[in-house]
Each structure stands twice: as structure tokens, then as C-alpha cells.
Amino acid sequence: MVVQSQSGTLTHCSSIKTCNKAAAVFTSIPVINLGDPESKSLMVKACEEYGLFKVVNHRVPMEFITRLESEALGFFNLPQSEKDRAGPPDPFGYGSKRIGTNGDVGWIEYLLLNANPQVLSLKTLTVFRQNPEIFRSAVNDYIQAVKTMAYEVLELIADGLKIEPRDALSKLLRDENSDSCFRLNHYPPCPESEALSLSGRNLVGFGEHTDPQIISVLRSNNTSGLQICLKDGTWVSVPSDETSFFINVGDALQVMTNGRLKSVRHRVLANTQKSRVSMIYFGGPPLSQKIVPLTSLMGKQEESLYNEFTWSEYKTSAYKSRLADYRLGLFEKTLSTN
Ligand SMILES: C=C1C[C@]23C[C@@]1(O)CC[C@H]2[C@@]12CC[C@H](O)[C@@](C)(C(=O)O1)[C@H]2[C@@H]3C(=O)O
Ligand SMILES: O=C(O)CCC(=O)C(=O)O
Ligand SMILES: [Fe+2]
């Protein structure tokens, strides 16, 4: 199937997966007000049940969000040949359709960046040769504000779980060697997939997966597409909200809480009419960090469900896997029953 998309990119969708369209709207999504004294226990409950919640009253200036969104659209609307100069993503840079290096594809184009302001890829900045500083400052202001919120969220989660000290999780992201990254995703509308849609199928923008890091902080424009998988295996659509943030529990946080908090399986479906722009900060620990259950969380006789590994080992293994793989499986212990 050949598609002429609005932005003139992403012209073939024949190799991209489809999935069953019918998904209920996730109306009971936990909404956490950061100013609410109950927020810590509500967050923990949401992470145990869904691995995802929405944050309001987050104090990230709307101006930072809209400025970065408009810079991102400015980039994605450039001619394909210009955008390609910022690629391939190895691991940072511009990518189109291919996600990772192991054969996954989706109806998407994106920019993957280091979340450390000092290391903003030169390759990416060369595309902004008119105004690289404007792009750099839009990215840095946004990331800085979102990081501050991510630290607060992790401290509230630690409080809610009675983890001591309360910065046991947030310090891993605050660390100057934290291995965090940032992603700008663009899902152009795919009018051709309307035909598919009529037969009850949908084109996949970003295939199902869990995020490997500690937490991910996601913001999108008002175009829906994000879905999460509930404990019973059903998929539900998360209504978009351009003024709020969505927090995902990642695999590393699942391990550090010995499985109490669950990393959430999620995916994005392409839209037939509107383009979706999302920006995600993936908060990861330093490469040398051991990913083990936090001692202050473990019961007296409680054993770790996982073999010991460092973030570097997990990341290496994750980046060899396909998007939909259950990556923690390789690190689970086979515990004896007696
Ligand atoms: C297929 C892949 C893409 C990914 C690396 C991987 O091998 C498996 C994990 C994928 C993921 C999902 C969350 C983030 O978007 C991401 C940047 C990450 O850290 O892990 C992507 C990786 C990617 O796009 O390179
Ligand atoms: O673009 C989105 O809304 C989510 C993408 C995602 O899950 C990811 O980049 O890991
Ligand atoms: Fe994700």
C-alpha cells in the first residue's frame, strides 16, 4: 500500500502491523493533583493497579510545552532530505518508521535525544542551522521542568511506599550520570488507513511494549492514540489531554519494588485524520547502577524475584530485543516453592 501523507513522508505502510480496533475508553484513569496531600497513596495505588496515571497541577509552564511542540512541528514539517540529515538514530537522531534496530516498524517519525543538556546531539542541531539555539533552549527548558516534576513524583512514590530515604529513587535520575533520554514522536495522519479502519483494524504507530527505564513522563497534543493493556489483558484508549502529563512505570521500577509496581504495556495507534505529537522523558539510572529491590521495601523473609543486574546489562539486553518482547523474563528468578 502506498500512502501520500500530508508531510510527504512515511509513504509505505504495507509492512506496518495492524491491530484490533475495538478498545474501550479508559474513563477511570487515575488523575493525581500534585498539590493533594493524598497524592502519594493515590500514586502508589495507580502504579500497582495500572502502572500509569495522569498528573495535573504539575507546575510545568504551558509556555515551555507549546514552544517545544511548535519547534518539533517545525522540524517534522521540513523536507524529508533535510530531516534525514539528522539521522539515523544511532542511538540519537532522527528516525522514520524503523523503531530500534531489530526489525520493528510503525507509522511514526521521531527524534531521539540525550536528556542531558550538555550532550544534545550535534547531528540533530545541524538541521536547525538557522536557529539551533532556539531549538536547544526549547528542549532544555522543557526537559529541566519535566525532570523537576519527575523527581517530585518519585519522592511521593517513595513516601507512599515508605521507602527510606525518600530520595532513594529520585537520586538516580538526579545523578549527573543518569542514563535518561528524550523522544519527540510525530504520527502523521494516515488517511489510507481509513479503509483498514472500516474493517475493524487499525494501523500501529508505535507497537506494544513496556519502557525499560524507571519512569517515563509523556505529554501529547490533543490527538488520541495511546492505549494501555490492563491486568486482564484488555486494551483501553487513554483520552488525550494536552495540559497534563502521563507517568508510566518502567521495568527498572518494577524490579526495584520487587514487582509491587508494574511496568505498563502500552502502544500508539495511528489516526486517520489528525497528527499526533508526543514528547517523552525516559528517566533512567546511571549505567553502573545495580537494579535490585530496595531493602527498605522488602519484608523480613522476602526474596528478590529477580537475579541481580546493572542498568547497563539490562539496557544492552533490552536493545537486542524486539519491541513487544517481555524483557524482564530473562532476569526473573525461578523461585523454589518450599
Ligand atoms: C525495539 C526497540 C526500540 C527501543 C529499543 C528496543 O530494542 C526495545 C525497547 C525500545 C524502547 C521503548 C521505550 C523508549 O521509546 C526507547 C527509547 C527505549 O529506551 O526503549 C525505545 C528504544 C528505541 O526506540 O531505540
Ligand atoms: O508517542 C507516544 O504517545 C508514546 C510513545 C512511546 O511509548 C515511546 O516512545 O516509548
Ligand atoms: Fe513507551
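Remember, it's 1-based here, ligands and their atoms both numbered in the order they're listed. The analysis underlying the following values was restricted to heavy atoms, covering all of them including side chains, and did not include hydrogens, waters or symmetry mates.
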Practice task
Within a distance under 4.0 Å of any heavy atom of F282, pick out the atoms of ligand 2 and give their elements.
Solution key: 8 (C), 9 (O), 10 (O)
Fill in the blank from the handout: among protein heavy atoms, the one nearest atom 11 (C) of ligand 1 is P212 CD, 4.3 Å
Completion exercise
for atom 10 (C) of ligand 1, nearest protein heavy atom and its distance come out as L323 CD1, 3.8 Å
Handout entry: Y110 vs F206, ring pair (Phe, Tyr, Trp, His ring centres under 6.0 Å): CA-CA, chis, key distance, verdict
Key = CA-CA 11 Å; Y110 58 88; F206 203 117; 7.5 Å; no
Practice task
Note the single closest protein heavy atom to atom 6 (C) of ligand 1, along with its residue, its atom name and the distance in Å.
Solution key: A318 O, 3.8 Å
Exercise for the section: For atom 5 (C) of ligand 2, state which one of N221, N185, I99 supplies the nearest heavy atom. Expected result: N185
Exercise for the section: Pull out every atom of ligand 2 sitting under 4.0 Å from any heavy atom of Y187, numbered as shown with elements. Expected result: 1 (O), 2 (C), 4 (C), 5 (C)
Exercise for the section: Using a strict 4.0 Å cut-off to heavy atoms of Q213, name the atoms of ligand 1 that fall inside it. Expected result: 18 (C), 19 (O)
Practice task
Considering only NZ, NE, NH1 and NH2 on the basic side and carboxylate oxygens on the acidic side, decide whether R219 and E69 come within less than 4.0 Å.
Solution key: yes
Handout entry: Sub-4.0 Å atoms of ligand 1 with respect to non-hydrogen atoms of N102
Key = 7 (O)
Exercise for the section: Please calculate the NE2(H209)-the Fe ion (ligand 3)-NE2(H266) angle and round it to 10 degrees. Expected result: 90°
Exercise for the section: Show your working on ring pair (Phe, Tyr, Trp, His ring centres under 6.0 Å) between Y314 and F331 and close with a plain yes or no. Expected result: CA-CA 9 Å; Y314 191 64; F331 298 86; 5.2 Å; yes
Practice task
Output yes when the distance from some N or O of ligand 1 to some N or O of R327 is under 3.5 Å, and no in every other case.
Solution key: no
Problem - From the candidates H209, Q227, R183, the one that places a heavy atom nearest atom 10 (O) of ligand 2 - result: H209
Problem - side-chain hydrogen bond (donor to acceptor under 3.5 Å, both in side chains) between E109 and Y187, worked out - result: CA-CA 7 Å; E109 57 177 341; Y187 305 87; over 6 Å; no
Problem - Donor-acceptor pair between E242 and N221 side chains, under 3.5 angstrom - result: no
Practice task
Consider ligand 2: state whether an atom of it lies below 4.0 angstrom from any non-hydrogen atom of Y110.
Solution key: no
Completion exercise
Per ring-ring contact (aromatic ring centres under 6.0 Å, His included), F182 is matched among F282, Y281, Y142 by Y142
Problem - Residue that, paired with E48, satisfies side chain to side chain donor-acceptor pair (under 3.5 Å) out of R260, K231, K262 - result: R260
Problem - Close side-chain approach of T223 to S240, heavy-atom, < 4.5 Å - result: no
Handout entry: Proximity of N248 to ligand 2 by residue part, where a heavy atom lies under 4.0 Å
Key = neither
Completion exercise
Under 4.0 Å from one or more heavy atoms of D211, ligand 2 contributes atoms 10 (O)
Practice task
Taking atom types as modelled, find out whether S180 and S178 have a side-chain donor-acceptor pair closer than 3.5 angstrom.
Solution key: yes
Handout entry: Distance filter under 4.0 Å to S278 heavy atoms, resulting ligand 2 atoms
Key = 1 (O), 2 (C), 3 (O)
Handout entry: Atom pair CD/CG of E302 and L305 - distance to nearest 0.5 Å
Key = 7.0 Å
Problem - Sub-4.0 Å protein heavy atom next to atom 21 (C) of ligand 1 - result: yes
Practice task
May I ask whether F245 and V44 are part of the same hydrophobic cluster, defined by side-chain heavy atoms of I, L, V, M, F, W, Y residues being less than 4.5 angstrom apart, directly or through others?
Solution key: yes
Handout entry: The one among R276, M279, Q213, R267 that brings a heavy atom closest to atom 3 (O) of ligand 2
Key = R276
Problem - Among E332, H209, R265, side chain to side chain donor-acceptor pair (under 3.5 Å) partner for Y326 - result: E332
Problem - the Fe ion (ligand 3) - name of the N/O/S atom of D211 that sits closest to it - result: OD1
Problem - atom 1 (C) of ligand 1: nearest protein contact (heavy atom, Å) - result: D104 OD2, 3.6 Å
Practice task
Tell me yes or no: between the side chains of E155 and S170, is some donor less than 3.5 Å from an acceptor?
Solution key: yes
Handout entry: Close N or O approach (K320, ligand 1; < 3.5 Å)
Key = no
Fill in the blank from the handout: Numbered in order shown, the ligand 2 atoms found under 4.0 Å of a heavy atom of L218 are 2 (C), 3 (O), 4 (C)
Exercise for the section: Provide, to 0.1 Å, the distance between atom 25 (O) of ligand 1 and the closest protein heavy atom, together with that atom's residue and name. Expected result: Y319 CE2, 3.5 Å
Exercise for the section: Would you check the N or O atoms of T210, main chain and side chain alike, for any that come under 3.5 Å of an N or O of ligand 1? Expected result: no
Practice task
Determine, for R98 against D104, whether the closest basic-nitrogen to carboxylate-oxygen distance falls under 4.0 angstrom.
Solution key: no
Exercise for the section: Give the residue, atom name and distance (to 0.1 Å) of the protein heavy atom nearest atom 13 (C) of ligand 1. Expected result: D211 OD1, 3.4 Å
Exercise for the section: Find all atoms of ligand 2 within a distance of less than 4.0 Å from any non-hydrogen atom belonging to V268, and give their numbers and elements. Expected result: 1 (O), 2 (C), 3 (O), 4 (C)
Practice task
Assess whether atom NZ of K45 is packed by more than 12 heavy atoms of other residues, nucleotides or ligands within 6.0 Å.
Solution key: no
Handout entry: For atom 24 (O) of ligand 1, closest protein heavy-atom neighbour
Key = R183 NH1, 2.8 Å
Exercise for the section: Decide, yes or no, whether a salt bridge links R67 with E71 under the criterion of side-chain N to carboxylate O below 4.0 Å. Expected result: no
Exercise for the section: Could you list which atoms of ligand 1 come closer than 4.0 Å to a heavy atom of H209? Expected result: 12 (C)
Exercise for the section: Number the atoms of ligand 2 from 1 as they appear, then name those within less than 4.0 Å of a heavy atom of H266, with their elements. Expected result: 7 (O)
